[in-house]
2 protein chains.
Amino acid sequence: MIKVLVIEDHEEIRDLISYNLSKENCETICFDNANEGLIHLENNDVDIILLDLMLPGLKGMQFLQIVRNNKKFSGVPIIIISAKNTEQDIINGLEMGADDYLTKPFSIKILIAKINAILRRNPAIKSKVISINGINIDTGNYTVTVDGEDVSLTNKEYELLLMLLKHPKRVFTRNQILNAVWGYESDVYTRTVDTHVSSLRKKLGDKGSFIKSVPKIGYRADI
Amino acid sequence: MIKVLVIEDHEEIRDLISYNLSKENCETICFDNANEGLIHLENNDVDIILLDLMLPGLKGMQFLQIVRNNKKFSGVPIIIISAKNTEQDIINGLEMGADDYLTKPFSIKILIAKINAILRRNPAIKSKVISINGINIDTGNYTVTVDGEDVSLTNKEYELLLMLLKHPKRVFTRNQILNAVWGYESDVYTRTVDTHVSSLRKKLGDKGSFIKSVPKIGYRADI
DNA sequence: AACTAATGTCAAAGAAATGTAAAATTATTG
DNA sequence: CAATAATTTTACATTTCTTTGACATTAGTT
């Protein structure tokens with residue numbers, strides 16, 4: 001069952017979405033404001049968010065920003081559904097981190113197809129444990145252990161480790177790492193990645209050596 | 001550099017996309033038909049595909065189907081850009097495996113924002129493997145194996161091997177190799193190529209002997 | 001066979017990229 | 001608002017890669 005969080009202040013639209021998604025193996029939870037939506041998100045599993053922009057109280061774009069800046073939620077896909085339909089509105093929404101943007105009035109069937117297209121690619125990342133060669137990452141509570149010992153990582157170190165270990169052996173360029181961990185519009189010097197690799201290796205101790213540099217390209221988890 | 005494959009039969013639209021994406025850290029390769037696009041995809045790294053539907057010869061939807069049914073490519077995101085704008089067209093496109101659907105006329109800025117939104121989620125692009133006579137090159141990961149054994153190559157050695165094996169039997173002059181591997185404006189002595197051929201042969205062991213020198217001309221992969 | 005011209009190879013010199021500690025800056029928290 | 005932690009930059013050390021030049025070897029020519 002796909003869990004859809006709907007944040008939309010018009011009742012008719014909420015009902016329309018709710019009714020139609022219920023026929024598509026979806027469970028919808030609706031709120032007419034973003035504050036409550038955020039609270040729900042904090043306390044429940046959500047697979048995808050449908051977000052209106054013009055809301056009373058906390059605005060849609062603020063909600064988007066909060067969610068995208070929180071590593072706990074940043075993986076949850078968001079589709080904006082809004083009456084704001086200028087080119088700039090759409091670009092802003094996408095650049096702020098939305099995965100798609102539908103302008104009102106919208107086709108419910110297209111919405112469903114888009115939800116499926118997005119989820120097809122992002123099988124909801126549930127709390128799970130990645131465990132390789134003595135290194136354990138519990139993505140549910142953001143903890144890492146090495147040979148059973150807790151290791152305290154900073155946010156960036158954690159995200160970097162996760163990225164590398166999600167695809168062992170795969171080479172990531174410094175720019176790919178920057179995009180994924182720092183965000184696509186960060187203007188950070190690529191050597192910053194090196195610094196974080198260095199401190200990550202140090203914190204991982206003996207095991208840290210699995211992070212190999214690939215000259216002229218980037219890094220990989222050789223594990 | 002993001003590699004964008006554009007399949008679109010209208011020259012003006014190809015040019016528009018090409019010109020604008022070139023300013024966004026993208027390298028576009030365009031074809032006016034899907035057959036050639038497919039051949040390109042088979043032989044090159046592609047990060048994302050922009051696909052028109054109404055094409056001469058192989059139709060866009062057939063192309064989509066072929067790509068999605070091929071494990072090798074199924075990870076490559078596809079955005080359909082089409083004049084077919086009915087609800088059913090869009091739903092079909094998305095259900096067939098497209099990641100997004102833009103109707104013509106479209107905003108180039110929105111296209112760019114959508115490409116970024118999609119790639120933000122999929123940093124890990126499936127890599128292409130070249131495999132000849134026991135030599136395997138994983139072009140996404142910059143790894144090479146010979147008879148299953150990992151062989152560690154430097155960047156120049158890797159690029160050189162890749163160039164030779166992309167076109168087996170074909171002779172490359174030292175200057176062609178310099179241009180392709182070292183870049184047009186490098187002022188390196190042509191004998192440097194020989195040195196790299198030498199160390200490459202050595203690292204490839206017995207298999208290394210497939211790199212034949214062609215007296216007075218250059219080298220080729222005789223394989 | 002001797003000569004010429006090209007390619008093969010090695011090791012030292014040079015260039016470039018990465019590693020890392022520590023300082024500077026920025027965010028977070030009490 | 002101070003204190004603390006995290007992040008980014010800087011600067012220098014270290015490692016690795018690249019290029020060169022010398023000499024060896026091979027192949028082709030006369």
Side-chain angles (χ1 to χ4, degrees), chain A residues 65-66 68-72 142 144 151-164 171-183 185-222, chain B residues 142 144 151-164 171-183 185-206 208-222:
Chain A
Q65 202 164 20
I66 292 167
R68 280 291 172 262
N69 287 330
N70 186 325
K71 69 181 175 190
K72 220 160 125 189
Y142 308 92
V144 174
V151 172
S152 156
L153 300 182
T154 70
N155 197 312
K156 293 277 189 289
E157 289 160 358
Y158 173 87
E159 296 289 345
L160 172 58
L161 178 65
L162 190 60
M163 176 173 192
L164 291 172
V171 176
F172 294 97
T173 67
R174 290 183 174 72
N175 277 316
Q176 284 176 326
I177 294 172
L178 281 179
N179 282 336
V181 176
W182 275 257
E185 57 181 8
S186 78
D187 54 352
V188 176
Y189 189 40
T190 57
R191 290 293 315 273
T192 300
V193 174
D194 301 24
T195 306
H196 284 264
V197 167
S198 171
S199 59
L200 186 53
R201 281 180 179 145
K202 207 169 162 186
K203 287 193 183 181
L204 296 175
D206 295 345
K207 288 283 166 65
S209 58
F210 78 87
I211 305 177
K212 295 278 198 301
S213 94
V214 181
K216 299 203 70 166
I217 311 290
Y219 293 95
R220 97 166 107 223
D222 198 359
Chain B
Y142 301 88
V144 174
V151 173
S152 157
L153 300 183
T154 70
N155 190 268
K156 291 276 189 289
E157 289 160 358
Y158 172 87
E159 297 287 347
L160 172 58
L161 177 65
L162 192 59
M163 177 174 191
L164 292 172
V171 178
F172 294 97
T173 67
R174 289 182 174 73
N175 277 316
Q176 285 175 326
I177 294 172
L178 281 180
N179 283 337
V181 176
W182 276 256
E185 57 210 16
S186 79
D187 53 352
V188 177
Y189 189 41
T190 57
R191 290 295 316 275
T192 300
V193 175
D194 301 24
T195 305
H196 284 266
V197 167
S198 170
S199 60
L200 185 53
R201 281 179 179 145
K202 204 169 164 187
K203 287 193 183 180
L204 296 176
D206 296 346
S209 57
F210 78 88
I211 305 176
K212 295 283 197 300
S213 93
V214 180
K216 298 223 184 208
I217 313 286
Y219 294 94
R220 76 191 164 122
D222 196 0

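Worth knowing before you read on, the calculation uses all heavy atoms, side chains too, and leaves out hydrogens, waters and symmetry mates. Just so we're on the same page: letters track the sequence lines, and every chain starts at 1.
The closest donor-acceptor contact from the side chain of A:Arg220 to the backbone of A:Ile211 lies at 3.5 Å or more, if one exists at all. Side-chain atoms of A:Lys203 do not come within 3.5 Å of backbone N or O of A:Val151 as any donor-acceptor pair. Panel note: side chain B:Glu157, backbone B:Thr154; a donor-acceptor pair is recorded below 3.5 Å. Checked by atom type and distance alone, the side chain of A:Gln176 pairs as donor or acceptor with a backbone atom of A:Thr173 at under 3.5 Å.
For B:Trp182, no side-chain nitrogen or oxygen approaches OP1 or OP2 of D:dT18 to under 4.0 Å. Contact between the side-chain N/O atoms of B:Tyr219 and the OP1/OP2 oxygens of C:dG8 is found at a separation under 4.0 Å.
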B/S/- along nucleotides 20-29 of chain C (protein heavy atoms under 4.0 Å) is BS--------
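Mapping A:Thr190 and A:Lys216 onto DNA chain D by nearest heavy atom places A:Thr190 at the nucleotide closer to the 5' end.
Rounded to whole Å, the distance from CG on B:Leu178 to C1' on D:dT19 is 12 Å. Look at CZ on B:Arg220: it is 14 Å from P on C:dT7, rounded to the nearest Å. Distance, A:Lys212 NZ to C:dG19 P: 11 Å, rounded to whole Å. Separating the CG atom of A:Leu160 from the P atom of D:dT8 is a distance of 12 Å, rounded to the nearest angstrom. One interatomic measurement links the two molecules: CG of A:Leu200 to P of C:dG19, which rounds to 12 Å at whole-angstrom precision. Remark: C1' of C:dT9 and CD1 of B:Ile211 are 15 Å apart, rounded to the nearest angstrom. Rounded to a whole Å, the NE2 atom of B:His196 is 15 Å from the P atom of C:dA15. Here the C1' atom of nucleotide C:dA5 and the CZ atom of B:Arg174 are 12 Å apart, to the nearest Å.
Within the 4.5 Å cutoff, the side chain of A:Arg174 has heavy atoms near those of the A:Tyr219 side chain. Annotation: side chain of A:Leu200 is not in contact with side chain of A:Val197 (no heavy-atom distance under 4.5 Å). Within the 4.5 Å cutoff, the side chain of A:Lys156 has heavy atoms near those of the A:Trp182 side chain. At least one side-chain heavy atom of B:Leu204 sits under 4.5 Å from a side-chain heavy atom of B:Leu161.
Below 30°, between 30° and 60°, or above 60°: for B:Tyr142 and B:Tyr158 the angle between ring planes is between 30° and 60°, a tilted geometry.
The two residues B:Ser213 and B:Arg201 make their nearest non-hydrogen contact at N-NH2, 3.7 Å. Contact detail for B:Lys212 and B:Ser209: the closest heavy-atom pair is NZ-O, 3.2 Å. In terms of heavy atoms, B:Leu164 sits closest to B:Ala221 at O-CB, 3.6 Å.
B:Tyr158 comes within 4.0 angstrom of nothing in the nucleic acid, heavy atoms only. Among the heavy atoms of the strands lying under 4.0 Å from B:Tyr189 are primed sugar atoms or P, OP1, OP2 only; no base atom is included.
Axis angle, first five pairs versus last five pairs of the helix from C:dA1-D:dT30 to C:dG30-D:dC1: 30°, rounded to 10°.
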N/O-N/O pairs, protein side and nucleotides 4-6 of chain D side, under 3.5 Å:
none

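In the set D:dC17, D:dT8, D:dT19, the nucleotide with an atom closest to the side chain of A:Val188 is D:dT8.
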